[in-house]
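Since the structure is predicted, the reported quantities are computational estimates derived from the model, not experimental observations. We use all heavy atoms of the structure for the numbers below, so side chains are in, but hydrogens, waters and symmetry mates are not. Order of the sequence lines sets the chain letters (A, B, ...), proteins ahead of strands, with each chain counted from 1.
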2 protein chains.
Amino acid sequence: MKQTYSISELAKEFGVTTRTIRFYEEKGYLAPRREGTRRIYRQADRTQLRLILRGKRLGLSLDDTAEMIQMYGSPQGNRKQLEIFVSRIEEKRAELERKRRDLEVMLNDLQSVEEKCHMVLAEIR
Amino acid sequence: MKQTYSISELAKEFGVTTRTIRFYEEKGYLAPRREGTRRIYRQADRTQLRLILRGKRLGLSLDDTAEMIQMYGSPQGNRKQLEIFVSRIEEKRAELERKRRDLEVMLNDLQSVEEKCHMVLAEIR
DNA sequence: CATTACGTTTACGTTAACGTAAAGTTGCCG
DNA sequence: CGGCAACTTTACGTTAACGTAAACGTAATG
């Protein structure tokens with residue numbers, strides 16, 4: 001289990017370009033250490049990148065994803081702030097739940113199409 | 001149950017702008033009838049729009065979504081073609097399954113954060 | 001008949017998320 | 001020491017998915 005990674009190692013591992021990784025840093029979503037001018041990524045950076053890419057796959061904007069990642073920290077603030085926070089979490093959850101329903105429907109549709117195909121194929125023979 | 005809709009009715013119903021709907025038509029993903037110059041949308045168009053927006057919510061590109069919608073038709077072609085078709089379906093399914101796993105994880109994470117919040121809130125009182 | 005509401009086409013503008021190219025630095029290998 | 005491989009910064013380019021504005025048509029309403 002490696003401790004640190006170069007930018008191209010990370011790029012390779014996650015199937016993105018180095019430009020993409022630098023772009024995320026440029027936007028403030030990654031902050032690797034430096035060794036001279038070289039970027040050094042640690043486990044935490046790697047995790048951060050994984051979370052960003054996960055959000056991306058789900059069609060979230062970088063900003064939205066970053067907001068979600070923020071939420072993963074331990075909850076702080078007074079009662080009022082916490083309640084606001086909870087309601088923001090609820091919003092995100094509602095959005096994700098909707099995506100999940102959409103996903104279920106699409107998967108069902110695909111499956112039934114595939115079954116149809118198999119039936120037609122079985123008949124051809 | 002209405003038979004036809006104007007563009008702004010559809011826009012309102014789905015929470016998009018008329019520009020968006022015209023854009024989809026411009027790209028060939030919608031083809032409403034005309035009454036003079038006015039666009040008239042029927043149930044099939046409405047369904048088509050719903051499917052497009054569903055794909056969008058899941059972060060699919062318009063092209064990808066259109067490809068999926070295409071698949072919903074009844075399967076055609078000879079054996080070879082059908083087998084290729086099935087494997088394309090499988091690819092889509094794999095992609096969607098991955099999204100689903102991503103979603104599950106994010107939802108779990110959000111839930112546990114929310115629980116933490118409630119615990120902190122309970123302690124504050 | 002003027003205004004208001006809704007529709008149309010045409011066309012240029014905008015934003016997010018990178019791609020791509022140029023030009024330079026660093027470290028190691030033969 | 002020459003050269004390649006991997007890294008760097010800077011900066012302009014690109015694409016999808018619309019936004020926005022102008023300029024016009026039509027039809028119902030006060």
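Within residues 43-62 of chain A, no residue has any heavy atom under 4.0 Å from DNA chain D. Proximity of residues 11-27 of chain A to DNA chain C (heavy atom under 4.0 angstrom from any strand atom) is restricted to Thr17(A), Arg19(A), Thr20(A), Phe23(A), Tyr24(A).
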For this session: Check the pair Arg79(B) / Glu123(A) against salt bridge (Lys or Arg N to Asp or Glu O under 4.0 Å), numbers first and verdict last.
Result: CA-CA 10 Å; Arg79(B) 186 178 138 181; Glu123(A) 196 168 327; over 6 Å; no
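Residue Tyr29(A) contributes atom OH, which lies 11 Å from atom C1' of dA17(C) at whole-angstrom precision. As a whole-Å value, the separation of Tyr5(B) OH from dC6(C) C1' is 19 Å. Rounded to an integer number of Å, the gap from Ile7(B) CD1 to dA5(C) C1' is 15 Å.
Looking at Arg39(B) and Glu9(B), no side-chain N of the basic residue comes within less than 4.0 Å of a carboxylate O on the acidic one, giving no salt bridge.
For the atom pair NZ (Lys92(A)) and CG (Asp109(B)), the distance works out to 14.0 Å, reported to the nearest 0.5 Å. Between atom CG of residue Leu107(A) and atom CD of residue Glu114(A) there is a gap of 11.0 Å, rounded to the nearest 0.5 Å. A distance of 14.0 Å separates OH in Tyr41(B) from OG1 in Thr47(B), rounded to the nearest 0.5 Å. Remark: Leu103(A) CG to Arg57(B) CZ distance equals 11.5 Å, nearest 0.5 Å.
When Lys99(A), Arg100(A), Arg101(A) are each tested for a side chain to side chain donor-acceptor pair (under 3.5 Å) with Glu97(A), only one passes: Arg100(A).
For dT9(C), the OP1/OP2 oxygens have no side-chain nitrogen or oxygen of Thr37(B) closer than 4.0 Å. Contact annotation: Arg38(B) side-chain N/O to dC6(C) OP1/OP2 distance is not under 4.0 Å. Phosphate proximity of dT8(C) to Arg39(B): present, with a side-chain N or O under 4.0 Å from OP1 or OP2.
Atom NZ of Lys80(B) has 12 or fewer neighbouring heavy atoms from other residues, nucleotides or ligands inside a 6.0 Å radius.
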